[in-house]
Amino acid sequence: MPTKKEVEEYKRRIELTLKELAEWKTSSPIKDQLINEYLDKWKIANEALSGLGLPLDEED
């Protein structure tokens, strides 16, 4: 199980990737697909942090 800190870092990396994708100067189905996939990953990480998704290990 990931720790809360690991999920927060993962969520932050997803946010940075989404920002880069949004700034990508192209309109293609691949860009839209990538954005949707990363949004799904962000939602899962956010739900885990909110206690609605995966249980997280306590940090030592």
Side-chain angles (χ1 to χ4, degrees):
M1 288 282 154
T3 65
K4 182 178 179 182
K5 183 177 179 179
E6 290 170 333
V7 174
E8 288 171 343
E9 176 59 30
Y10 178 70
K11 184 179 165 188
R12 180 71 182 131
R13 288 193 320 255
I14 291 171
E15 290 168 352
L16 292 173
T17 301
L18 281 168
K19 182 179 177 195
E20 290 173 5
L21 285 170
E23 293 172 351
W24 193 11
K25 302 287 187 213
T26 186
S27 62
S28 76
I30 294 171
K31 177 184 173 182
D32 294 338
Q33 180 182 356
L34 287 171
I35 288 173
N36 288 332
E37 288 176 16
Y38 277 96
L39 282 174
D40 288 342
K41 291 178 182 188
W42 184 90
K43 287 177 189 175
I44 291 168
N46 191 56
E47 287 174 358
L49 290 171
S50 299
L52 302 173
L54 302 173
L56 302 175
D57 283 343
E58 294 297 320
E59 296 179 43
D60 296 325

Between Ala45 and Val7, which heavy-atom pair has the shortest distance, and what is it?
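In this case the closest contact between Ala45 and Val7 is O-CG1, 3.6 Å.
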
Apply side-chain hydrogen bond (donor to acceptor under 3.5 Å, both in side chains) to Glu9 and list each qualifying residue two or more places apart in sequence or on a separate chain.
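Listed in chain order: nothing, the list is empty.
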
Identify, with sequence neighbours excluded, every residue that meets side-chain hydrogen bond (donor to acceptor under 3.5 Å, both in side chains) alongside Asp40.
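Partners of Asp40 under the side-chain hydrogen bond (donor to acceptor under 3.5 Å, both in side chains) test: none.
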
Check residues 17-29 and write down every donor-acceptor pair under 3.5 Å in which the side-chain atom is one partner and the other belongs to a residue at least two apart or another chain.
{"unit_1": "Thr17", "atom_1": "OG1", "unit_2": "Arg13", "atom_2": "O", "d": "3.0"}
{"unit_1": "Ser28", "atom_1": "OG", "unit_2": "Ile30", "atom_2": "N", "d": "3.4"}
{"unit_1": "Ser28", "atom_1": "OG", "unit_2": "Lys31", "atom_2": "N", "d": "3.2"}

My understanding is that only one of Ile44, Leu49, Leu16 makes a side chain to side chain contact (heavy atoms under 4.5 Å, CB included) with Lys11; could you say which?
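Of all the options given, the one that passes is Leu49.
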
Within the structure provided, determine whether Tyr38 and Glu15 are in side-chain contact (heavy-atom separation under 4.5 Å).
no

Under the side chain to side chain contact (heavy atoms under 4.5 Å, CB included) test, which residues partner Asp32, sequence neighbours left out?
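Result, side chain to side chain contact (heavy atoms under 4.5 Å, CB included) vs Asp32: none returned.
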
Nearest 0.5 Å, please: how far is CG in Asn46 from CD in Glu8?
10.5 Å

